[in-house]
Amino acid sequence: MIEDAQVEEAVSREFFYQLLGYNPEYFTELQLSQLRQETLDYDALYRMTNRTISLISEDLDTDKLDHAGESWLDIANTRIISLISEGLDIDKLDYAGKSWLDIAIIEHDLPLLNYLVNQHISYPYRASGRDPLYLLLDTNNYKFNPEHLLEYLSLLMVLEPKVYPQHQRLMSLIRLKFPEVYTQITNQFPTLIVKEDMPLPPAVCLNY
């Protein structure tokens, strides 16, 4: 048995995530074994689950629905949700201080975000950091899509996140770049309205 072998910590951790990617129901058993992880890596969990689905579907039509009408992406989302329902504390941050809300926003995983909000996940307040609201409003994110912004905001704002100056600066930039989207957002969420003299966020050079 691998848990009886003297394996390096990195190998043990990788095996832990591979097994969870294969079957989320292993979570409780793994956490009771010598492979137990005191702190988790949510990025690795998410990546491994989707990687497993990708490997399974390598020779299949990923756009094709199964007999239940689900796509492979639906199945991947179901696996993540199954993992959380196996006893993973959704309010606990991972080793890097990330919340599952961060993962849902970064990965543009609307079903996961919807699930987390419906489970009343605690919002990770970071007065001077990149919290989920910041990640969502950040137009420098290569996945940023103004057309879907309101859809994600409608879920995230249910958690009533505090709006800090760094959020207001991002909204100032959205007002400049996407005035129609800004109007739609502020009509629905007045707390995100910014003053006319609100400065823009610091410029970020992405060419390196």
Side-chain angles (χ1 to χ4, degrees), residues 13 16-17 19-21 23-32 35-50 73-141 143-145 148-171 174 184-186 188-194 201:
R13 184 167 53 248
F16 176 89
Y17 291 126
L19 286 173
L20 282 182
N23 190 340
E25 294 181 1
Y26 293 157
F27 178 72
T28 300
E29 186 175 349
L30 285 170
Q31 286 295 73
L32 293 175
L35 295 175
R36 172 183 173 83
Q37 300 294 305
E38 293 297 331
T39 56
L40 299 175
D41 181 342
Y42 294 163
D43 278 315
L45 280 175
Y46 190 93
R47 184 175 63 252
M48 193 58 66
T49 299
N50 283 279
L73 181 59
D74 294 327
I75 295 172
N77 286 327
T78 300
R79 281 179 173 242
I80 289 293
I81 292 172
S82 296
L83 171 62
I84 294 174
S85 66
E86 280 298 315
L88 192 152
D89 184 356
I90 60 172
D91 292 327
K92 188 175 181 180
L93 305 182
D94 76 354
Y95 83 103
K98 282 188 177 180
S99 161
W100 277 108
L101 285 173
D102 297 319
I103 302 299
I105 297 298
I106 292 170
E107 299 295 337
H108 279 210
D109 193 330
L110 191 63
L112 177 58
L113 179 60
N114 183 61
Y115 173 81
L116 295 171
V117 171
N118 286 331
Q119 292 298 309
H120 309 290
I121 186 173
S122 297
Y123 191 87
Y125 288 109
R126 300 171 192 139
S128 59
R130 295 164 60 86
D131 67 349
L133 181 58
Y134 185 100
L135 295 173
L136 184 58
L137 299 177
D138 186 7
T139 59
N140 284 322
N141 187 325
K143 288 186 176 181
F144 180 84
N145 187 336
H148 297 157
L149 183 55
L150 189 58
E151 189 174 18
Y152 282 80
L153 266 177
S154 296
L155 286 172
L156 191 61
M157 294 301 284
V158 170
L159 301 176
E160 300 182 346
K162 294 180 181 178
V163 179
Y164 292 105
Q166 63 264 28
H167 302 127
Q168 294 172 334
R169 286 191 287 270
L170 290 174
M171 283 299 297
I174 289 175
Q184 292 172 356
I185 291 173
T186 53
Q188 189 165 340
F189 306 108
T191 56
L192 292 174
I193 294 175
V194 295

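Note: hydrogens, waters and symmetry copies are ignored here, and every other heavy atom, side chains too, is used.
For H148 (side chain) and N145 (main-chain N/O), no donor-acceptor pair under 3.5 Å exists by modelled atom type. Side-chain atoms of Y46 never come within 3.5 Å of backbone atoms of W100 as a donor-acceptor pair (strictly under, hydrogens ignored). Judged by distance alone, the side chain of Q37 and the main-chain N or O of L35 form a donor-acceptor pair under 3.5 Å. At least one donor-acceptor pair closer than 3.5 Å links the side chain of R36 to the backbone N or O of Q31.
Heavy atoms of other residues, nucleotides or ligands lying less than 6.0 angstrom from NZ of K143 number more than 12.
In this structure, L149 and I185 approach most closely via the heavy-atom pair CD2-CD1, 3.5 Å. Closest non-hydrogen pair, L93 versus Y42, comes out as C-OH, 4.0 Å. Residues Q166 and Y134 share a closest heavy-atom pair of CG-CD1, 3.8 Å.
Atom CZ of R13 is separated from atom CG of L40 by 11.0 Å, given to the nearest 0.5 angstrom. Taken from CZ in F144 to OG1 in T139, the straight-line distance is 6.0 Å, to the nearest 0.5 Å. Distance check, rounded to the nearest 0.5 Å: CG of L19 to CD of E29 gives 9.5 Å. Here the straight-line distance linking atom CG of D94 with atom CG of D41 works out to 6.0 Å at 0.5 Å rounding. The OG1 atom of T191 sits 9.0 Å away from the CE atom of M171 when rounded to the nearest 0.5 Å. A distance of 10.5 Å separates CD of E86 from CG of L30, quoted to the nearest 0.5 Å.
Using a 4.5 Å heavy-atom threshold, the side chains of F27 and L88 count as touching. With a 4.5 Å cut-off on side-chain heavy atoms, I193 and Q168 do not count as touching.
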Practice problem: Given side chain to side chain contact (heavy atoms under 4.5 Å, CB included), test L135 with L101 step by step and report yes or no. | Solution: CA-CA 10 Å; L135 295 173; L101 285 173; over 6 Å; no

Quiz item: Hey, mind stepping through L153 and F189 against side chain to side chain contact (heavy atoms under 4.5 Å, CB included) and telling me if it holds?
Solution: CA-CA 9 Å; L153 266 177; F189 306 108; 4.1 Å; yes

Quiz item: Can you check side chain to side chain contact (heavy atoms under 4.5 Å, CB included) on I103 and D43, steps first, answer last?
Solution: CA-CA 7 Å; I103 302 299; D43 278 315; 3.3 Å; yes

Exercise. Could you walk me through whether L136 and N141 pass the side chain to side chain contact (heavy atoms under 4.5 Å, CB included) test, one step at a time?
Key: CA-CA 8 Å; L136 184 58; N141 187 325; over 6 Å; no

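Taking the charged nitrogens against the carboxylate oxygens, D138 and R130 do have a contact shorter than 4.0 Å, which makes a salt bridge.
Aromatic ring pairs are classed by plane angle as parallel below 30°, tilted from 30° to 60° and perpendicular above 60°; the pair Y152 and H108 is tilted.
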Identify all side-chain donor-acceptor contacts of residues 116-124 below 3.5 Å with residues at least two apart in sequence or on another chain.
unit_1	atom_1	unit_2	atom_2	d
N118	ND2	N114	O	3.1
S122	OG	D91	OD1	3.3
Y123	OH	D131	OD2	2.9
Y123	OH	L133	N	2.9

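Under the 3.5 Å distance criterion, with hydrogens and angles disregarded, a donor-acceptor pair is assigned to the side chains of Q188 and S154.
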